[in-house]
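See below for the structure under consideration.
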Amino acid sequence: MRIAQIKLKVISMPLKSPFHTHLGTVIEREGIIVEVIDSNGISGYGEGVAFSTPWYTEETVKTSLHIMSDVLIPLLKKKPINQPEDTAILFQSIRRNHMAKAGLEMAIWDLYAKRNSKSLSAVLGGTRGEIASGVVVAADSLISSLNQIEKYMEEGYRRFKIKINPSQDYAFLEGIRRYYPELPIMADANSSYTLRDLDRLKALDDFKLLMIEQPLACDDIIEHSLLQKEIKTPICLDESIVSFNDAKNAIELGSCKIINIKAGRVGGLFEAKRIHDYCFDKGIEVWCGGMIEFGISRAHNIALSSLPGFTIPGDISASNRFWEEDIITPEVSVENGFVTVPDTPGIGFGINEKRLHETTMIEKVFKFENK
Ligand code: OSB
Ligand code: MG
């Protein structure tokens with residue numbers, strides 16, 4: 001493929017309601033919309049999912065914009081890309097900065113699929129026509145969590161993820177279980193515990209949680225393996241898995257029974273698929289994590305979730321979970337708890353140009369010289 005230009009747009013949009021975690025509250029979401037245009041005028045879209053501040057990983061919108069503009073796009077200018085894998089391999093010469101890499105790489109996957117008139121799901125090897133949808137409850141009190149759960153149940157969601165931390169865990173989950181004894185719930189701790197909290201974590205076995213996501217430090221695979229031996233609730237790793245090797249090590253050490261795959265966190269769809277394939281082989285279940293993202297990243301998540309190993313409902317909620325109006329058309333919708341996987345070319349969603357325009361704060365255009 002011949003890239004003619006790349007456009008980067010930093011957009012900013014308020015969330016419908018604040019997203020609380022023990023690491024901070026997200027009120028306004030910034031992101032980077034990546035458009036890669038080929039010499040025939042076909043556009044592929046990706047999304048840089050780093051946050052404004054480095055609370056979840058070390059990247060930020062500003063570092064991503066810098067790495068894309070000053071490091072990765074110049075690399076793309078130097079080497080032709082024939083298939084999406086070439087991008088992932090080209091970017092291996094640069095350390096980390098996974099969300100910056102993924103934003104560009106995923107746009108190239110979309111472009112590649114569109115050029116071949118295939119859906120992204122088909123290009124990735126997807127086998128599912130619809131995927132079960134999960135939703136995250138990130139409220140700061142029991143009462144507002146219960147209200148959110150009730151609303152999301154009515155909307156048909158199949159799995160509820162509750163944010164927990166040492167000051168909002170046992171009594172909190174007990175409060176939820178009192179009203180919803182059988183609801184499929186899981187907890188996400190975002191690294192808020194240490195092994196000193198072993199008794200607290202053991203006690204959570206009382207709640208028949210589907211899993212506990214990332215209880216311990218983001219860079220700790222050994223202690224998670226010790227913890228998993230002590231608790232019945234399956235551990236799912238999120239922050240700890242930033243590469244294929246992390247996934248392999250965690251599985252070999254018994255640090256988790258489930259992996260949350262986010263393409264942004266691992267550097268793109270190529271690495272995400274490698275992790276999926278390895279887990280599939282080893283019988284480790286995976287699901288697709290969310291990043292409070294806009295529709296483009298969500299569309300990529302839908303395609304990724306159509307792979308056979310994604311057996312657990314992911315953080316794939318409807319556009320209206322976070323946004324008054326999304327930047328894609330149609331918006332992502334959940335019906336009876338399922339999202340349909342598009343079979344039209346590429347990510348299978350169009351761009352809501354008006355919404356994209358009104359939310360754009362910065363725009364950068366990179367023109368490629370094609371000899
Ligand atoms: O830890 O999974 C996480 C959102 C932003 C950053 C990290 C996480 C999350 C979520 C789910 O919990 C968000 C979603 O549904 O998009
Ligand atoms: Mg998580």
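One-based numbering, in listed order, for ligands and for the atoms of each. Keep in mind that the numbers below use all heavy atoms, side chains included, and drop hydrogens, waters and symmetry copies.
When the options G290, S297, C236 are ranked by their closest heavy atom to atom 14 (C) of ligand 1, first place goes to G290. Nearest residue to atom 3 (C) of ligand 1 from E293, Q214, E239, K262 is K262 (criterion: closest heavy atom).
Looking at ligand 1, you'll find an N or O of I292 within less than 3.5 Å of one of its N or O atoms. Checked against a 3.5 angstrom limit, the closest N/O atoms of N190 and ligand 1 fall inside it. By the 3.5 Å distance cut-off applied to N or O atoms, D238 is counted among the residues near ligand 1. For a threshold of 3.5 Å applied to N or O pairs, the pair formed by M291 and ligand 1 contains at least one separation below that value. Note: no N/O pair closer than 3.5 Å links S317 and ligand 1 by distance alone.
Heavy atoms of V26 found under 4.0 angstrom from ligand 1: none, in either backbone or side chain. Neither the backbone nor the side chain of R265 has a heavy atom within less than 4.0 Å of ligand 1.
In this structure, V341 and I131 have side chains that are in contact, with non-hydrogen atoms separated by less than 4.5 Å.
Only one option out of F172, Y180, Y170 pairs with F207 in a ring-ring contact (aromatic ring centres under 6.0 Å, His included); it is Y170.
Neither side chain, S192 nor N165, offers a donor N or O lying under 3.5 Å from an acceptor on the other. One side chain, E213 or N260, offers a donor N or O that lies under 3.5 Å from an acceptor on the other.
In terms of protein heavy-atom proximity, atom 12 (O) of ligand 1 is closest to K163 NZ, 2.7 Å. For atom 11 (C) of ligand 1, the closest non-hydrogen atom on the protein side is D315 OD2, 3.4 Å.
W323 does not carry R355 over the face of its six-membered ring by the limits of under 6.0 Å from the centre and within 45° of the normal. Cation-pi geometry between R29 and F322 is not met: the NZ or CZ atom fails to fall both under 6.0 Å from the ring centre and inside 45° of the normal. R274 forms a cation-pi arrangement with F244, by the criterion of a distance under 6.0 Å to the ring centre and an angle within 45° of the ring axis.
Look at R29 and you'll find every heavy atom at least 4.0 Å from all atoms of ligand 1. Residue K161 places a heavy atom under 4.0 Å from ligand 1. Contact analysis leaves R321 out of contact with ligand 1, as no non-hydrogen atom separation drops below 4.0 angstrom.
At a threshold of 4.0 Å, the pair K257-E285 does not count as salt-bridged, since none of the basic side-chain nitrogens sits closer than that to a carboxylate oxygen. Between D86 and K79, none of the side-chain N atoms (NZ, or NE/NH1/NH2) sits under 4.0 Å from a carboxylate O, so this pair counts as no salt bridge.
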- prompt: Could you walk me through whether I81 and M1 pass the side-chain contact (heavy atoms from CB on, under 4.5 Å) check?
  reply: CA-CA 6 Å; I81 298 293; M1 8 183 174; 4.1 Å; yes
- prompt: Between E35 and I6, does a side-chain contact (heavy atoms from CB on, under 4.5 Å) hold up when you go through it step by step?
  reply: CA-CA 6 Å; E35 181 180 2; I6 296 182; over 6 Å; no
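Listing protein N, O or S atoms at distances below 2.8 Å from the Mg ion (ligand 2), with waters left out, gives D188 OD2, E213 OE2, D238 OD2.
The backbone N or O of I312 sits nowhere less than 3.5 Å from a side-chain atom of R158 that would complete a donor-acceptor pair.
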